[in-house]
Amino acid sequence: MAHLKGARAFAAGMMLALSSAAVLPASASDFIRIVSPYPTTTLDPMRSAAAGNIETYGQLYARLLQRNPASGALEPALAESWHISGDNLTYTFHLRDTQFSDGSPITADDVVFSLERIRTDKQAAYSAPLSAVESVAAADPKTVVIKLKSAFAPFLGNLEIWNMGIVSKASVEKEGAEKAFSAIPVTSGPYAVKEWKPNEKLVLVPNPHYWRQGYPKSDATVELIEIASPDTRIAMLKAGEVDVARAVQWTQIEDLRAAEDVEVRFEPSTIINMTLLNNRREPFSNVKARQAAASAIDNKAMTKAITLGYAKPANTTLPGGVDFHDKDHPGIPYDVAKAKQLLSESGMQGREVKILATTGTVEQQTALLLQAQWQAIGLKPVIVNVDSGAWWDATGKGEYDAAATWWYNEVPDPDLAVRWALCGSCGSNSFNTFYENKKVDELVEMGTKETDPGKRAEIYKEIQKISTEEVSQIPLYYPPNAVAYSKRLEGIKLLPTLQWTLEDATIVK
């Protein structure tokens, strides 16, 4: 910052002193503090799909549409209204009069710029939600026209995903993307950045230009604090040092429930914990070997052992929290005798199975249970411990046999879920399992073009039937989001989309 000289410096100093005199020292009541193991690594909403960044983007960048936190229904946000053409190919959005955190207007050009970055920039982490888009254009400063290649039923819902936040075109073009998002970005959401200390915390303050009048409901400063240790997070919450603890461990729940000023909630999620199987090499390129491995897993007992019964055993390859999940599918029955028979028929008895595992408690527990149950049917499982980077590298290259992990769906609609985890031709290698079934891929495309909910339900039911019976992956359980809150807060929760309702939060005085 340039230094002021002479009288200008004196006048500025007097103004600062007068304004500061009215500001009381910050107390605990002036802050809302959230502690999480998931770090914020970038403030650019298109650059990363990591959990900590997703939670951050929701506070900094408004989208064209938003979901009602109570009903889950899509509602107007930056777009106050929209129109869909009769052929379902053209979507016209009418923007309300809104401003960025620096007071500059949010225009159709900003929307086009933001969506085009996601669609075309090589550094975009997740362009799939806009894969059906043919073009995005500004008809005038307050009108955005999006044309699709073909009818795409999930399209409106996709515009509410975490990376669809609108950024300032002027700021990014003036500063360059790296600088524009490096410290204090121009934001469009309920909060602006006050300070960012990577690997420590992100400090947010209410955005005075936020489009929702009267929001955020609290004028408190928000701190998103990064703490890897689950025990430390809970100790901080119980001591009153923080207000919300993310990612509560299953073993911590009973202790927290006994704490007088803490409330533990099991919030709905679209998470599925599952086991990847590498379909590209033996033994699991053989469908009977995959079926044997799945039949050997008692996922009901595993769910109870790992989550202490707080999660639900999974019955299909889709998360239980998405639309059109087939709750009536019987799942993969636990049957050791059948598993041994299938393994014998596959010719894969005695084969070594490399199970990749990161250092997380759940991952280690799951790997050990997989190892024991696969040994019991005649496989030779070996646990290979790796860090997160090596895990992603090995699974991406197909240099593994099995790996326990989890994933979640960004929206209630299952389209992105099947494209991510079950579609061999959609660019994700069926979440690095390399599972491919042409019938499934055809059904995925049919599911996006069908607008009748009943017919869509049948399509996704068939996708689940095929992929579960062929064991594209082994579904284990559907966990809720376990979050602990101080009773001094009201109105805050973690949505299935991994977004905090911070703008609705208030502090009980």
Side-chain angles (χ1 to χ4, degrees), residues 32 34 36-67 69 74 77-79 98 100-101 106 110-111 113-119 121 123-130 157-169 171-172 177-178 180-196 198 201-207 209-212 215-216 222-226 244 246-247 269-270 407-411 416 481 492-505:
I32 296 174
I34 298 175
S36 169
Y38 306 118
T40 297
T41 61
T42 176
L43 302 180
D44 186 342
M46 75 148 196
R47 288 286 296 272
S48 169
N53 294 323
I54 290 173
E55 293 171 31
T56 295
Y57 300 152
Q59 309 312 316
L60 300 183
Y61 306 103
R63 301 179 278 266
L64 289 174
L65 311 178
Q66 65 180 17
R67 286 196 184 275
L74 283 172
L78 294 181
T98 55
F100 287 108
S101 56
I106 300 174
D110 295 302
V111 175
F113 176 76
S114 300
L115 298 185
E116 285 294 272
R117 289 182 81 222
I118 300 164
R119 278 205 328 131
D121 195 303
Q123 292 186 314
Y126 195 41
S127 60
L130 297 179
N158 284 5
L159 290 177
E160 198 273 330
I161 291 172
W162 49 268
N163 63 341
M164 299 291 160
I166 304 307
V167 303
S168 167
K169 177 183 179 182
S171 172
V172 175
E178 292 299 327
F181 297 104
S182 64
I184 310 293
V186 175
T187 67
S188 54
Y191 289 90
V193 176
K194 179 180 180 181
E195 180 185 24
W196 183 30
K201 66 180 178 179
L202 177 68
V203 183
L204 308 178
V205 291
N207 174 6
H209 300 289
Y210 185 44
W211 71 268
R212 290 184 78 191
Y215 290 82
V222 173
E223 291 187 352
L224 303 178
I225 303 166
E226 300 164 18
V244 182
R246 175 88 162 86
S269 84
T270 59
W407 56 275
Y408 93 110
N409 202 43
E410 295 87 346
V411 289
L416 291 172
N481 280 314
I492 185 170
K493 63 181 178 179
L494 184 67
L495 300 174
T497 55
L498 298 188
Q499 305 288 298
W500 297 106
T501 61
L502 264 169
E503 62 193 278
D504 292 301

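Keep in mind that this is a model prediction, so the values were computed, not measured.
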Does Ser127 reach the main-chain N or O of Arg119 with its side chain, forming a donor-acceptor pair under 3.5 Å?
-> no
Spacing of Leu502 atom CG and Leu204 atom CG [to the nearest 0.5 Å] | 8.0 Å
Under the side chain to side chain donor-acceptor pair (under 3.5 Å) rule, collect the residues that match up with Glu55, sequence neighbours excluded.
-> Arg246, Trp500
For Val203 and Val193, run side chain to side chain contact (heavy atoms under 4.5 Å, CB included): C-alpha distance rounded to whole Å, both residues' side-chain angles, the deciding distance at 0.1 Å, then the answer.
-> CA-CA 6 Å; Val203 183; Val193 176; over 6 Å; no
Return the set of residues passing side chain to side chain donor-acceptor pair (under 3.5 Å) with Thr41 (not counting sequence neighbours), or none when no residue passes.
-> Asn53
Do any N or O atoms from the side chain of Ser168 and from the backbone of Ser171 form a donor-acceptor pair under 3.5 angstrom?
-> yes
Kindly list each side-chain donor-acceptor pair under 3.5 angstrom involving residues 160-167, sequence neighbours excluded, with atom names and distances?
unit_1	atom_1	unit_2	atom_2	d
Glu160	OE2	Arg63	NH2	3.1
Asn163	ND2	Tyr126	O	2.8

Please list, chain by chain and in numerical order, all residues satisfying side chain to side chain donor-acceptor pair (under 3.5 Å) with Tyr210, sequence neighbours excluded.
-> Glu503
Check: Glu195 side chain, Ala183 main-chain N or O, donor-acceptor pair, under 3.5 Å | no
Interatomic distance, NZ@Lys201 vs CD1@Ile34, rounded to 0.5 Å, equals 14.0 Å
Residue list, salt bridge (Lys or Arg N to Asp or Glu O under 4.0 Å) with Asp44, at least two apart or on another chain = Arg117
Go through the steps to decide whether Arg212 and Gln66 satisfy the test side chain to side chain contact (heavy atoms under 4.5 Å, CB included), and finish with yes or no.
-> CA-CA 12 Å; Arg212 290 184 78 191; Gln66 65 180 17; 4.2 Å; yes
Pair Thr42, Ser48: side-chain N/O donor-acceptor within cut-off below 3.5 Å = no
Who are the side chain to side chain donor-acceptor pair (under 3.5 Å) partners of Glu226, not counting sequence neighbours?
-> none
Quick one: pull up CG in Leu60 and OG1 in Thr187 and give me the separation to the nearest 0.5 Å.
-> 6.0 Å
